[in-house]
Amino acid sequence: MSGGVALQLALDSLAAGGVYALVALGVHLAFAGSGVLHLAVGDTAMAGAVVGGFISAHGASAPLSALVGIAYGAALGAVLAVAIVEPTRGRVALAAALLALGGTALRQAIVAVLQQPVYPFPSLRTEWTVGSGHLRASDLLTIGVVAALAVVAALVLRRTRAGAALRVTAATPDAAELCGVDTGRVRLVAFAVAGGLAALGALLAAGRVAPSMGGAVALTLKGVAGAVVGGVRSPGGACLGALAIGTVEVLGGYWWGGGAGEAMAYGAGVLALAVRGLR
Amino acid sequence: MTRRNAAVQCAVVIAVAIAVAFLPLRAGNAVLGDVALALLVAGPAAGASLAVASGRPTLGMSALASGGGYVAALLAVHGHEAPLDVGLGTLTGAVEGAVLALLGARLGAAGFIALGLVAATASAALVGALPRILGADAGLGPVAPLGVTLPDGRIASLTIAGSLHAADAVAAFVTLIAIVAVATGRGARWRAVGGDRERAAATGVMPLLAEVEVLALAGAIAGFCGAVAAHIAGIMTTSGFGPEAASVPLAAALIAGRAGPGMAAALAVLEGVGVTVILPRMGWVGPPSASALGAAALAAVAIALLAAPAVAATRRAPGRAAGAPSTWPSLAPAVVSGLTVDSLDVRPPGGGPVIVPGLRLEVGAGEVIGLVGANGSGKSSALRAIARAAGGDRRVKLEPRARTMLLPQERGGFPGCSVGETLVLAARSGGRDRRAARKAAVDWLEPLGVAPLRDVACDLLAAGARRRVDLARVLLSRPSVILCDEPLAGLETADREAVLDILRAAAAAGAAVVLCDHDRDAVAATATAGVVELGRVEAAPGPAAA
C-alpha cells in the first residue's frame with residue numbers, strides 16, 4: 001500500500017466515521033434525555049438531507065438548502081419525541097420499537113410525497129492526487145465540521161444549564177423533575193438536536209452518497225453501532241466508537257469489497273451490543 | 001392467553017385454512033400465487049408474537065425467514081430438494097433464533113430490538129456479498145418449485161393451486177403450533193420471563209433457557225415459511241432481509257399484543273394480501289412500492305394504537321378481600337431454617353459507597369423480624385443484599401439447602417401470565433410435580449379472594465389482589481426465609497390485614513420472615529423477634545414475643 005493510498009484511507013475513515021459520529025452523538029443525546037434507543041435517527045437525517053436536496057434542485061443556494069434540511073431533520077426529531085417518546089414514557093422498549101416502525105412510516109411518506117428516491121446535494125468537487133491516492137475536499141470539510149461540532153457539544157454539555165439538565169435527566173429523571181428540570185422539554189430538545197445533527201451528517205456525506213431514504217436504516221444502524229461500541233452514555237465515547245465503525249467499514253471495503261466492509265461494520269455493532277449492551 | 005382463547009383461535013385458524021383451500025375454485029392462477037406468498041408471512045408474524053410474549057421483541061424475524069429461505073435455495077441449487085432443503089432451512093431458522101437469543105442475553109428489550117435489526121442488515125450485506133465469493137451458485141436467483149423426485153427420475157412439481165394448498169397448510173400448521181406453544185405450560189414460563197425476568201428467575205424459571213427456547217421455536221417457524229416461500233416464489237433475493245420486511249412481523253405482533261400469534265399471523269397475512277393482491281390490481285405502481293406502503297401503513301397503525309399513555313391501557317379487576325387466616329394452605333417451607341446476618345455491608349444495587357455498614361440481624365424459624373428506617377436509609381438495598389449473599393457469603397448464615405426469597409416492593413405477579421399460571425409456576429418451583437402444583441395453585445385461589453380471576457392477567461388486578469397473589473407466589477415456592485420489601489405499601493385496610501395474616505401464618509408454619517415497611521406500628525405488632533432500625537435493635541419485640 002502506497003503512502004498516498006494510506007493517506008486516502010485515513011481521510012476516508014475519518015470522513016465516514018465523522019458522519020457516523022454526528023449520528024451517534026444524536027443517539028447519545030436521545031438516550032441521555034429519555035433512556036430510549038433512537039432507532040429512527042437515520043430516517044430523520046435522510047429526510048432532512050432529501051428535503052435539502054429537493055430545495056437545492058429547485059434553485060435554492062446550498063447553504064440555505066442545508067439549513068432548511070437541518071431544520072427539517074430537527075423538526076422531525078421533535079415530532080417523534082412528541083408523538084412516540086412522550087406517550088410511551090417509562091416503556092423504553094416499546095418506544096424503541098415504535099421509533100423503528102415510525103422510521104418505516106416516515107421513509108415511505110417522504111418517498112410518496114417527493115416521488116423520487118434520490119436527491120443529489122451539491123458538495124465540494126475538488127480532489128487532489130497524492131501518489132496513487134485521491135483526497136477529496138468534501139472529506140476535509142466533513143472532518144473539520146465534525147471536529148468543531150464535537151468541541152461545541154462538549155462545551156454545551158459541560159458548561160451550560162441545558163447540558164446540566166440533560167446530564168441530570170440522564171442520571172435520575174425523577175430526581176431531575178423534583179429539582180425543577182422540565183424533563184419533557186429536555187426530551188423534546190434532545191430529539192430535535194439529534195435530528196438536526198444527523199441531518200447535517202447526511203448532508204456532509206452527500207459528496208460520497210447522495211441523500212436517499214433507502215440509505216436511512218444503514219445510517220441509523222451505523223450510528224447506533226458507533227454509539228454502542230464507544231458507550232451510548234458517553235458523548236465522547238459515542239463519537240470515538242463511530243470513528244471506529246467508519247474505519248472498519250472503509251478498511252473492510254478496501255480489502256474485501258464494499259459489501260464486506262458494510263457487513264463488518266454491522267458485525268462490529270452486533271458484537272458490541274452482545275458484549276457491552278447499552279452501557 | 002387462556003387455553004379457552006387458544007382453542008378459539010385454533011378453531012378460527014383451521015376454519016380459515018379450510019376456506020382458503022377452496023380459493024382455486026374462484027380465483028385465477030395469478031391471484032393464487034400471490035395469496036400463497038401472503039399466507040407464508042404468517043410464520044414470521046407468529047414467531048414475532050412468541051418473541052414479544054417472552055420479552056424479546058425483534059426486528060429480525062423476517063431475516064430468520066429469509067435465512068431459512070436462503071439455505072433452502074442454496075441447497076436446491078446444489079441438487080438437494082424438498083424435504084431436505086426445507087428441513088435444513090427450518091433448522092437454520094431455529095439455530096439463528098437461538099444464537100440471537102444468546103447474543104442478546106445481556107440486553108434489555110430495547111437493545112434486543114436494535115440487535116435484531118443490526119443482525120438482519122448484517123445478514124443482508126453478507127448474503128449480498130456471497131455471489132462475489134461463490135459465483136453463480138450462491139443461492140440468489142431462480143429456485144425450482146416444490147416437488148418430489150419420482151422413481152423413474154422425473155420430478156413431479158406442485159401446480160400453482162398445489163402451491164397455494166401447501167402454503168395454506170404450512171401457514172395454518174405454524175400458526176397452530178405458535179398458539180398452542182404460548183398457551184400451554186412452557187408458554188407460561190416464556191410469558192413469565194417476558195413479564196418480569198427477575199421474579200421469574202426467583203420462581204425457578206431460567207430466563208436465558210426460556211428465551212433460547214422461544215426464539216429457536218420462532219426461528220424454526222419463520223425459517224420453515226421462508227424455505228417454502230423461496231420455492232413458491234421461484235426466486236431468492238435479499239429483499240426479505242430489508243427494513244420494510246422486518247417491520248411487518250413486529251408491527252403485527254405489537255398490535256396483536258396478548259391476543260397472541262393467531263391475531264399477529266392474521267394481521268400480517270391481511271397486510272400481505274393487501275400489498276401482493278389488492279394494491280397491484282388497483283393499479284398502484286408507486287413509489288413507494290406496494291410492499292413498502294403496506295409495511296408503512298401497518299407501522300402507522302401500530303404507532304396510533306400503542307403510543308398512548310400507560311394508564312389508558314390498564315383495566316383493573318378488583319377481586320374481593322382475602323379469607324380468614326385459618327384457610328391459608330401450603331405454607332410449610334421445604335427446609336426449616338433461621339437467618340443470621342453478621343456484619344454485612346450494604347451497598348446500592350448498582351454499586352457505590354456503603355449505605356448500611358455492618359448490618360446485623362437474627363431471626364429464627366417461625367419468627368418475624370421487623371426492619372424499619374427513613375426513606376433512603378437502605379431498607380430495600382439491605383433486603384436485596386441479604387438475598388444476593390444468601391447461600392454464598394459466610395456473613396449470611398442459613399441451613400444447607402435453605403431457600404431465601406424476596407418479595408419485591410414494586411408490581412407483583414407476572415404481567416403476561418394469568419393468576420392461575422403464576423401460582424402453578426410458583427408451585428412447580430417448590431418441588432411439586434405438575435398435578436400437585438395445579439392442586440396447590442387451586443387451593444390458594446379461594447383464600448386469596450381471586451378464584452373468579454383465575455384467568456385474568458396479573459397486571460390487570462387491583463393493587464391488593466396483585467400483592468396477595470405475589471405473596472402466594474413466594475410462599476408456594478416453599479422458601480425457608482421470606483424477605484418482604486414494603487408489602488403493605490399502597491394497600492387499603494382489608495388488604496393490609498390479609499397480607500399480615502399470610503405472613504403470620506407462614507411464620508407459624510416454620511418460615512423465617514424479615515418484614516420491612518414504613519408502617520412502624522404494623523411492623524412492631526407483627527414482629528416476634530424484635531425490630532431492627534438499620535444499625536441498632538429496638539428493645540421492644542412484638543406482642544407474640546412479649
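Sequence lines set the chain letters: A, B, ... in the order given, protein chains first and strands last, and positions in each chain run from 1.
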Search all heavy atoms of [X] against all heavy atoms of [Y] and return the closest pair with its distance.
{"X": "B/Ala110", "Y": "A/Ala96", "value": "CB-CB, 4.0 Å"}
{"X": "A/Gln115", "Y": "B/Pro287", "value": "NE2-O, 2.8 Å"}
{"X": "B/Ala122", "Y": "A/Ala263", "value": "O-CB, 4.2 Å"}
{"X": "A/Tyr266", "Y": "B/Val118", "value": "O-CG1, 3.3 Å"}
{"X": "A/Leu101", "Y": "B/Ala299", "value": "O-CB, 3.2 Å"}
{"X": "B/Ala125", "Y": "A/Glu262", "value": "CB-CB, 4.3 Å"}

Report which part of B/Leu107 has an atom under 4.5 Å of a heavy atom belonging to chain A: side chain, backbone, both, or neither.
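Looking at B/Leu107, just its side chain touches chain A.
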Could you look at B/Leu115 and say if it's the side chain, the backbone, both or neither that has a heavy atom under 4.5 Å from chain A?
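When you check distances to chain A, atoms from both the backbone and side chain of B/Leu115 fall under 4.5 Å.
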Who are the side chain to side chain contact (heavy atoms under 4.5 Å, CB included) partners of B/Val52, not counting sequence neighbours?
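Scan of B/Val52 (side chain to side chain contact (heavy atoms under 4.5 Å, CB included), adjacent residues dropped) gives B/Pro57, B/Leu250, B/Ala253, B/Leu254.
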Taking B/Arg106 for its side chain and A/Val275 for its backbone only, find out whether a donor-acceptor pair lies under 3.5 Å.
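Looks like yes, one N/O pair under 3.5 Å.
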If you count heavy-atom pairs under 4.5 Å with chain A, which of B/Ala109, B/Ala292, B/Gly55 comes out on top?
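Looking at each of B/Ala109, B/Ala292, B/Gly55 in turn, B/Ala292 comes out on top.
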Between B/Ala302, B/Ala297, B/Ala114, who has the most heavy-atom pairs with chain A when the cutoff is under 4.5 Å?
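Between B/Ala302, B/Ala297, B/Ala114, the count favours B/Ala114.
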Closest-packed option against chain B by number of heavy-atom pairs under 4.5 Å, given A/Leu278, A/Ile110, A/Leu273:
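With the most close heavy-atom pairs to chain B, the winner is A/Leu273.
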Not counting sequence neighbours, list each pair that qualifies as a salt bridge (Lys or Arg N to Asp or Glu O under 4.0 Å) and has a residue in residues 95-120 of chain A.
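Output for this query lists A/Asp43-A/Arg107, A/Arg107-B/Glu244.
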Intermediate values then yes/no, side chain to side chain contact (heavy atoms under 4.5 Å, CB included), B/Leu306 and A/Leu98:
CA-CA 8 Å; B/Leu306 298 169; A/Leu98 294 184; 4.0 Å; yes
Where does A/Val270 contact chain B at under 4.5 Å (heavy atoms): side chain, backbone, both or neither?
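Interface part for A/Val270: both.
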With only heavy atoms counted, which part of A/Ala83 is less than 4.5 Å from chain B, the side chain, the backbone, both or neither?
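Backbone of A/Ala83 only, per the 4.5 Å heavy-atom cut-off to chain B.
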Looking at A/Arg167, I want to see if its CZ is surrounded by more than 12 non-hydrogen atoms of other residues, nucleotides or ligands under 6.0 Å.
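More than 12 heavy atoms, drawn from other residues, nucleotides or ligands, come within 6.0 Å of this atom.
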Among A/Leu39, A/Leu37, A/Leu94, A/Leu99, find the one that has a side-chain contact (heavy atoms from CB on, under 4.5 Å) with B/Ile113.
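With B/Ile113 as partner, A/Leu39, A/Leu37, A/Leu94, A/Leu99 yield a single side-chain contact (heavy atoms from CB on, under 4.5 Å), made by A/Leu39.
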Reported OG1-to-CG distance for the pair A/Thr104 and B/Leu298, which is rounded to 0.5 angstrom:
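So the OG1 of A/Thr104 and the CG of B/Leu298 are separated by 10.0 Å.
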